[in-house]
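Worksheet: one structure, shown below.
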Amino acid sequence: MKFIPILVCTILISTTLIAQSENKSQPFSSKSEFIEQLLSKMTLEEKIGQLNLPTSGDITTGQASSSDVVKNIKEGKVGGLFNIKSIEKIREVQKIAVEQSRLKIPLLFGMDVIHGYETTFPIPLGLSSTWNLALIERSAQIATKEASAEGINWTFSPMVDISRDPRWGRVSEGSGEDAYLGSEIAKAMVRGYQGKDLALNTTLLACVKHFALYGAPEGGRDYNTVDMSRIRMYNEYFPPYKATIDAGVGSVMASFNEVDGVPATGNKWLMTDVLRKQWNFNGFVVTDYTAIQEMMRHGVGDFQTVSASALNAGIEMDMVSAGFLNNKKSVEEGKVSMERVDQAVRLILSAKYDLGLFDDPYRYCDLKRNKTDIFTAPHRAEARKIVAESFVLLKNDNQLLPLQKSGTVAVIGPLGNNAVNMPGT
C-alpha cells in the first residue's frame, strides 16, 4: 500500500506531461503526421470551429473571460481572430485557447497591415511609384517586424487587384494599372512579409487579395458585378495573383464581386479550378468580411445553402459571417462531405504549424519586443527615404506654383478636413 501513492503520483505526472505535449510538433516525424494525429482527435464541431474567423468584438484586456467570442474559443469554435490589437490582449486570448479548450489549438491573429504598422509608409499606390522593389520589400519587412511584436501573425496584404477605373475607391490600395509591375510588387511584398522561414516570430503569414477581379466592377462600384472575357482575365488581371502564388503566399482572400454571374466566394471555377488545379496553390482561402452572408443577396440561397456552397467551392475560412458553423447540419444532410471539411481543416492547421504555433503558442507574444521594435528611429528614417522615392513630379504649367500669397485657396470635398483618413487609404 505504501507504493500506491507513488504510483498514482507517477501516473498523474505522466498524464500531465502527455497533455502538455500532445499538440507539440517535436514528437512526430513530419508535419503531415502531426496534423493527421490531431485531426483524428477532433469532433466535427471542433473541425468546423477551425474554419471560423470572428472579429475580436467585445474582448477587453483583463476581461477576456467574459467575452462571447472567448466562450466560443473555449468550446473550440474559433480558428483565429482579427482586428484585435495589443500584445497583452492577444496573449491573454491565446492563453485561453491553449489552456482552456479541449484540444489546446492556438489561434491565428490577423490584421490589415497594409502600408506599415505604426511606422507609416506611402499608401500602396504611392509605394508603386518608387519602382524600387528592394525598398518596397523592405517596407513590408519593417511593417512585419512591428506587427509581429504586437502579437499579429497574419496580415491581409498585399492587395494586388488591377484597376483601370479611377471611380473605384480602392485604387489607392493597389499598385496601379500595369500587370507586370503589379506582379513584381506583389512578389516583393510576399517576400517582405513571409521571409524565408515562417517559424521566425519576425515574419507574418501573408494573404493576397481579393481573388479575383475585384478592381474591375461595373461603374467602379465596389462589390459590383464583373463581366470579363477569359482572355482579358488571364492577360491583364490574373498575373499579380499568380505571382504571389509562385512566391509562396500562405493564404488568399476571396473577393466580393461576381465573376461569370457567380459570387467569387462561391465560385468553384476560381477557387478550385484556377487556384488549386492550374496554379497549384497549397495554402488556405479566407472570405472577406461577411462575404458568405452577403451571397444570399445574390440569390444563391439561404444561410445554410450559401455556407455549404462556399466550402464546396474551395473556401477554408469564414470571416465574421459564422456561416460555417451551419455546416455541421450540411455534413449530416450530405450537402458537404466530411472529406471536404477535413481538407479545409488540414490547411488551417498546416498554416499554424508553419508559423510555429504548435511548438510555442506564445511565439508572437513576447511582452518586451513591442517596447523595442515598434516606431523606432531607424524605422522612421527608412520610411522617410522610401517616401522621398515615391514622390511624383508634376509639370508646373503656367508657373502655377508656388501659390501666390494673395487670394484664397478652396479645399473641396469630403476629405477636406478629415485628418484621420489622411495617413492612409
Side-chain angles (χ1 to χ4, degrees), residues 35-36 38-58 67-82 97 100-105 107-108 110 251-256 258 261-273 275-276 284-352:
I35 290 173
E36 292 308 313
L38 182 52
L39 196 64
S40 69
K41 300 172 187 174
M42 300 174 75
T43 64
L44 176 55
E45 291 89 343
E46 287 167 331
K47 289 177 180 179
I48 291 171
Q50 285 299 301
L51 314 182
N52 185 33
L53 180 70
T55 186
S56 56
D58 55 353
S67 162
D68 288 339
V69 175
V70 170
K71 177 178 176 291
N72 283 336
I73 293 172
K74 291 177 182 178
E75 295 174 0
K77 295 179 180 177
V78 176
L81 287 178
F82 80 102
Q100 297 185 41
S101 68
R102 188 179 78 89
L103 292 176
K104 303 172 172 46
I105 299 174
L107 300 173
L108 293 171
S251 62
V252 168
M253 183 182 291
S255 56
F256 283 114
E258 291 183 354
V262 181
T265 303
N267 194 311
K268 193 169 185 176
W269 176 75
L270 274 179
M271 300 303 160
T272 298
D273 295 347
L275 202 55
R276 301 285 182 194
F284 70 89
V285 183
V286 62
T287 74
D288 208 335
Y289 197 102
T290 68
I292 288 179
Q293 190 174 334
E294 291 178 28
M295 285 172 65
M296 291 189 290
R297 298 189 178 213
H298 291 277
V300 175
D302 61 18
F303 199 22
Q304 182 189 351
T305 300
V306 297
S307 300
S309 173
L311 189 58
N312 287 331
I315 301 292
E316 278 81 42
M317 192 170 248
D318 170 14
M319 182 188 288
V320 176
S321 291
F324 279 1
L325 299 182
N326 290 319
N327 280 329
K328 180 186 177 186
K329 184 178 180 183
S330 294
V331 171
E332 292 168 347
E333 294 177 351
K335 295 174 181 176
V336 172
S337 71
M338 198 68 224
E339 180 184 10
R340 173 59 191 137
V341 173
D342 286 348
Q343 179 189 31
V345 177
R346 283 189 189 97
L347 294 172
I348 304 299
L349 296 179
S350 179
K352 294 180 179 184

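All values reported here derive from a predicted model rather than from experimental measurement.
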List the atom of [X], the atom of [Y], and the distance in Å for their closest heavy-atom pair.
X      : Y      : value
Met338 : Val331 : SD-CG1, 4.1 Å
Ala308 : Val336 : CB-CG2, 3.6 Å
Val285 : Met271 : CG1-SD, 4.0 Å
Thr305 : Val300 : CG2-O, 3.9 Å
Met295 : Pro263 : CG-CB, 4.1 Å
Lys47  : Val341 : CB-CG1, 4.0 Å

List the steps and the verdict of side-chain contact (heavy atoms from CB on, under 4.5 Å) for Ile35 and Ser350. CA-CA 7 Å; Ile35 290 173; Ser350 179; 3.9 Å; yes
Rounded distance [0.5 Å steps], [atom1] in [X] versus [atom2] in [Y]:
X      : Y      : atom1 : atom2 : answer
Leu38  : Ile105 : CG    : CD1   : 4.5 Å
Lys329 : Gln304 : NZ    : CD    : 5.0 Å
Thr265 : Glu258 : OG1   : CD    : 11.0 Å
Met319 : Ser321 : CE    : OG    : 10.0 Å
Asp342 : Ser337 : CG    : OG    : 8.5 Å
Leu107 : Phe82  : CG    : CZ    : 14.0 Å

Any residue meeting side-chain hydrogen bond (donor to acceptor under 3.5 Å, both in side chains) with Glu36, in chain and number order, not counting sequence neighbours: Arg346
So, using side-chain hydrogen bond (donor to acceptor under 3.5 Å, both in side chains) as the criterion, who are the partners of Ser309 when residues are at least two apart? none
If you count heavy atoms of other groups shown closer than 6.0 angstrom to CZ of Phe303, is the number above 12?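 Check passes, neighbour count above 12.
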If you count every heavy atom of other residues, nucleotides or ligands that lies below 6.0 Å from Glu332 atom CD, does the total exceed 12?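 Yes, CD of Glu332 has more than 12 neighbouring heavy atoms, counting only those of other groups under 6.0 Å.
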Step-by-step side-chain contact (heavy atoms from CB on, under 4.5 Å) determination, Asp318 to Leu325: CA-CA 9 Å; Asp318 170 14; Leu325 299 182; over 6 Å; no
Does Lys77 come within less than 4.0 Å of Glu45, counting only side-chain N to carboxylate O?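 Glu45 and Lys77: not salt-bridged.
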Can you spot which of Ile48, Ile292, Leu51 makes a side chain to side chain contact (heavy atoms under 4.5 Å, CB included) with Leu311? Leu51
Between Ser255 and Ala264, is there a donor-acceptor pair closer than 3.5 Å when you use the side chain of the first and the backbone of the second?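 Absent.
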Where the side chain of Ser307 meets the backbone of Asn327, is there a donor-acceptor pair that is under 3.5 Å apart? no
With a 4.5 Å cut-off on side-chain heavy atoms, are Pro54 and Leu81 touching? yes
Show your reasoning for whether side-chain contact (heavy atoms from CB on, under 4.5 Å) applies to Phe284 and Leu108. CA-CA 13 Å; Phe284 70 89; Leu108 293 171; 4.0 Å; yes
Chi angles and distances behind the side-chain contact (heavy atoms from CB on, under 4.5 Å) call for Val320, Tyr289: CA-CA 6 Å; Val320 176; Tyr289 197 102; 3.7 Å; yes
Tell me, which pairs form a salt bridge (Lys or Arg N to Asp or Glu O under 4.0 Å) where one or both residues lie in residues 292-317, sequence neighbours left out?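 The answer is Arg276-Glu316, Glu316-Arg340.
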